[in-house]
Undergrad: 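Following this message is one structure expressed as structure tokens.
Within every chain, numbering begins at 1; the chains are lettered A, B, ... in the order of the sequence lines, protein sequences first and strands thereafter.
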Amino acid sequence: MLAYNFNWDVIWRQWPTIIEALLLGIGLAVASLAIGCIIGILCAFGRVSRHKWLDWAIWSYVEFIRNTPLLLLIFFVYFGLPQMGIRAFDKIESFILTLSLYAGAYMCEVFRAGLASIPNQYVEAAKAIGLRPWQRQLYVVLPVMFRITLPSISNTLISLFKDTSLAAAIAVPELTFTARQINANTFRVMEAWLTASALYLATSYAIAWVLRLVERRYSVIR
Amino acid sequence: MQNHMKPNATSAATGAMPLLRAVDVHKSYDRLEVLKGISMDVEQGEVLALIGASGSGKTTFLRCINLLEEFQQGEIDLDGEPIGYRMTGGRRRKIPEAALSAQRARIGMVFQSFNLFPHMTAEQNVMLGLTKVRGKPAAEARDIARHWLERVGLAERRGHYPFQLSGGQQQRVAIARAVAMEPRLVLFDEVTSALDPELVAEVLGVMQDLARSGMTMIVVSHEMLFVREVASRVVFMDGGHVVAQGPPQELFRDPESERLRSFLGRFHGVFS
Amino acid sequence: MQNHMKPNATSAATGAMPLLRAVDVHKSYDRLEVLKGISMDVEQGEVLALIGASGSGKTTFLRCINLLEEFQQGEIDLDGEPIGYRMTGGRRRKIPEAALSAQRARIGMVFQSFNLFPHMTAEQNVMLGLTKVRGKPAAEARDIARHWLERVGLAERRGHYPFQLSGGQQQRVAIARAVAMEPRLVLFDEVTSALDPELVAEVLGVMQDLARSGMTMIVVSHEMLFVREVASRVVFMDGGHVVAQGPPQELFRDPESERLRSFLGRFHGVFS
Amino acid sequence: GARAAQAQLVDTSKSKLQQVLDRGHLIVGTGSTNPPWHFEDDTGKLVGMDIDMSRLLAKNLFDDPEKVEFVLQGSDARIPSLITDRVDIVVQWMTITPGRAQQVEFTVPYYREGVGLLMMADGGRFKKFDEVKAAGSDATIGAMQNVFIEDWVHQALPEARVDQFESPDATVQALNAGRVDAYLGDQSAIRWLMQQAPGRYVDGGYGWMPNSYASAVKPGDPVWLNWVNTVYREAMLGVDFPTFSASYKKWFGIDLATPKVGFPTEFS
Amino acid sequence: MAERTFWTELWNAKWALLNGIAITTELSAYVVVASTILGLLGGLVLVYGWRPAALLVRLYVDVMRGIPVLVLILFWYYGLALFKINIPAFWAGVIALAGFATAHMSEIVRGAIQSVPAGQSEAAKAIGLRFWQRLRYVILPQATRRVLPPWVNTAVEMVKATTLLSIIGVVELLLATQQTIARNYMVIQFYLAATLLYFVLNFAISRLGALLERRFAYMRY
Ligand SMILES: Nc1ncnc2c1ncn2[C@@H]1O[C@H](COP(=O)(O)OP(=O)(O)OP(=O)(O)O)[C@@H](O)[C@H]1O
Ligand SMILES: Nc1ncnc2c1ncn2[C@@H]1O[C@H](COP(=O)(O)OP(=O)(O)OP(=O)(O)O)[C@@H](O)[C@H]1O
Ligand SMILES: [Mg+2]
Ligand SMILES: [Mg+2]
């Protein structure tokens, strides 16, 4: 029936490379999410601040990023910046920069929604015991917002992890890149893609599972 | 009916400085004037009950005292010091946030919906202000928190998160959080609504306890029976004015004001 | 104290079939038994008040009557017809969803939190059941809705969405929505909590009006003054049992049960 | 088992050749973004060396070079297309390697060349192969993902670093952007690029690592493979030589010498 | 030969690019419509469905969300062909993307339905509405408002994901752009042009979503 004979030897031979590639992808996703979270928090606070121009500037950033295919953004940072005379980043740094900006736009929206859903009463209670503005943000608003937004953060992390596959386009040796390399070398396309997707799926599940534990640990808000 | 534009008789007679003095406080939301000149004195150790129909401005007035709302005219003094605003160069200016926070720390507030911090245990809720505002070391703050949680009967619940506590228990944590800061004055906004009679009695017990220990309180409530039990003086507000005030027995037995009579309505007479 | 396992004396004496008869209703959440055998009769035209401490099962019982909760044992009959379950082949089975809906349509419920549909105006809230369940044409349903909104004093508010209405107004829309369906029985769950005395009086007026027109009602409330005014009979529940019942005057003046006496606590004696 | 299946396949009536003839047109898998092999010209028409080879097959099947349907696909798709019978043949710039030959059957090659280095005429760090070699590990070479590409680079430049890209335009862009110091390309592609943008690039002036380009068919169909081989061989050496050499001239700029008459050189 | 500038090249490529836009738009429209309908069903099954059915949908949703879209595309194009089912690249792409988006939409619908307070469904029960009536008149109208923002996000994601169909030779906007670039090597300029076109398309969707959202703003709790 199936006119195809599977041969997994090529996969086993490349196994260490594949795992390395997987870890690189996870690393890229986590680094970008971390930076993206910081960008997102700053932008979210910027958007709820009273400065009209700041709100507008951040809104433009978010809309631009969210409405442009990631692949094109990657090309711009990697190819476009050097042509404009900015040669500061290597390929991995460029990719993290792009993905961070991308994540930042999404996290900005996530956190903005989180901020909007924090009942004003908590802030008032914090005022009432005499906390200063930055103490209110630090001890009350941020912790509550993080707990509210945990599910969205874990969704974003999973999709960022899958988006690392686009790094292959600028020669970053992550999982998709490695799978393609195996394809090119051996033409074992089926084996390579099956392996890659199983690893993607397993990792996504693992991320979701870990974050669900974190969520359960911190879900003190009902 | 007393003239609501002047501080009440009590303090004028004794001559001592009242703990809180509000003079002609006006407050509007956009064009809607909610407080139309509220004046009152609250003496040290007094338990003042604010009653009045929905929308009469009771909550708004409490929020003005705690600087959660700006007010456009008038003055509120705590211990003789004006709160929230300062006159500089003939103009009335809001004082900076940092100074506001310091003033707020001298006033405790218990909200109708408790507003406990959901990500902190009961103990942590009480400790936060002690460590971050009062600057106490964690160990000392923990001792104080435990002391107060014990006093409101929640010694074994101190490690629980708000969602693990019943309404009455949350209410008591909120009270502990407010009083642990040793404020000069505590404001209670409808602390008993949505509690059953037994829990009301429990909260009442805690508040009477506080009153005995000399705590000054302003209490907003709709439950006249509760007011009768807890208050040393009652102020009746209507449409943004203070319409009547006096000790609860007198006021309830024989309401001078027509408006108060109709407000008490069918409950009037219960307070024999 | 009456035996709570038997229907009360009223119906036994008259011999007429009660509108609602609950016999030995048991209800558990997982392993927590909340109702431990509730039996009671409600006569046509009666206003029955359910009182009891928080967690005693009042809300749960109302929800069983309206089939919002399943119960594991016992029977509830409306007009002699068993509700929610049917015995087929010696086994107790839930009746199908369509039949459940038809039974629910004969019972109205006013929720503590109103639960108005936020995407519909007051009028549309009232009309929905009339058109979709009773199958009335829109024009007729609109007339009925307007009639009831007028009766609860909201004639000019009928085009407003819930968020544009005050708590008391939402409450009254919820009442209109329930009674416009002309149910045989209306259940009220703590309709007065979080309302100020004047609004309580207003809602009380509407309910007394309904009572005069012969509507049968079961009312859960924590406000004893309200209960005294509105109820023709009071049932006191504690820990999933009916502990005492009787006309309010008798029951409040001289509570036989120790538990009821302690429940009424400091309010006891008010009801002279 | 397998032998019986093979025996069956030899039955000419079941061969792909017969299926194609019955169908009335040929289905070719190829790409559209790699000049001069397969790309769209200014009018949006698919052209290039691979396309010419496909049309040659169609001409020999149906006497009509237009009776061919092109299925565009990425390089990842070349094998699945064959295995799943989506295409009759892949004519898509394929390098023959023995490893790949375990998966597909290659036809005879129709082009052989080495790789070279393309560098910026202005603004780049290097212009000559020897300069790149002297830079050692300081030089980064960009290349299309390919078989053992690192080995190839390191044969001539043992220390250079290698970045691999998915498409030639990404590789060229990496060169333009200064991301890489040189583009390791097929000499055909290098020639094409220099011809397209005169004065912009320079050739490093050294070629190495010969590799052969061929088409591929699904394994196990000797009839079909043999027929395609026949067409290709006669294009290079026999009846279709004029067409073939015109294509060579057009896409690679190479003038082919007319095959020697007399004893066929391939057997000498 | 006339000098090759970006503008002359753009003029040359106009039909190819317009055709790319048309294909991208058509693909996105099919994907969004199909996944919205199927996602609605999936969401309903997740919330109200018979237990085993709900578990199946949950499994589907989780697996789909964990697999790279590219693999799904290859599966539908080649995986089915292994069983002698040949679907054209365009439709294989629609199925792959719609299948992926359906998983997301199901989650979105589930979340939205569950965010409608339980009291709403109880109030609807209390006036005697049947299951479908409760859904139609009470639950779904309220869920719609919650669905809108994530729905817009998913729709935009899908427009962006159509770029992956270039691998199986669907000449959508990105492949059309790359074909142009292969001819003239004006990489940055043409990628910029493509970015602009994608932005316009997606921004239109975002604005439409915002507009609808504002229309539902009266629904507050
Ligand atoms: N943020 C606001 N914006 C506009 N109007 C407001 C705002 N908050 C309160 N109001 C109005 O101010 C008036 C007084 O409100 P307030 O909450 O002080 O009344 P209250 O006496 O506490 O009533 P209740 O007993 O119902 O709590 C009301 O008419 C209310 O509608
Ligand atoms: N969904 C549920 N799951 C588990 N336990 C429940 C649930 N709902 C109610 N209970 C429990 O059932 C008991 C009775 O609750 P119920 O709401 O009927 O009390 P009530 O008499 O209405 O109290 P209240 O006056 O506070 O409204 C309580 O102990 C409560 O914790
Ligand atoms: Mg208030
Ligand atoms: Mg209840």
Undergrad: Determine the option with the most heavy-atom pairs under 4.5 angstrom with chain E, choosing from C:R63, C:Q103, C:M181, C:Q164.
TA: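 Max contact count across the listed options: C:R63.
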Undergrad: Which atom pair, heavy atoms only, marks the closest approach of C:F117 to E:Q120?
TA: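 Reported closest heavy-atom pair: CD2-OE1, 3.0 Å.
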Undergrad: Using non-hydrogen atoms and a limit below 4.5 Å, what part of residues 125-137 of chain C faces chain E?
TA: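 C:L128, C:G129, C:K132, C:V133 fall under the 4.5 Å cut-off.
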Undergrad: When E:I127 is tested against each of C:R177, C:M109, C:R104 for side-chain contact (heavy atoms from CB on, under 4.5 Å), which residue passes?
TA: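 For E:I127, the side-chain contact (heavy atoms from CB on, under 4.5 Å) test succeeds with only one of C:R177, C:M109, C:R104, which is C:R177.
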Undergrad: Heavy-atom count check: over 12 atoms from other residues, nucleotides or ligands less than 6.0 Å from E:W91 CH2?
TA: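 Enclosed.
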Undergrad: What's the shortest heavy-atom distance between C:S101 and E:R130, and which atoms?
TA: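 Nearest heavy atoms, C:S101 then E:R130: OG-CA, 3.5 Å.
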Undergrad: Checking E:E122 against chain C: side chain, backbone, both or neither under 4.5 Å from a heavy atom?
TA: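 Backbone plus side chain of E:E122, per the 4.5 Å heavy-atom cut-off to chain C.
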Undergrad: So does C:E182 have more than 12 non-hydrogen atoms from other groups sitting under 6.0 Å from CD?
TA: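 Counting other residues, nucleotides and ligands, CD of C:E182 stays at 12 neighbours or fewer.
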Undergrad: Return the minimal non-hydrogen interatomic distance between E:Y137 and C:H119, and the atom names on each side.
TA: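 That closest heavy-atom pairing would be O-NE2, 2.7 Å.
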Undergrad: Could you pull out the closest heavy-atom pair between E:A123 and C:F111, with the gap in Å?
TA: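 Nearest pair, atom of E:A123 first, then C:F111: CA-CE1, 3.5 Å.
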Undergrad: Less than 4.5 Å to any heavy atom of chain E: does that hold for the side chain of C:R106, its backbone, both, or neither?
TA: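 No part of C:R106 comes within 4.5 Å of chain E.
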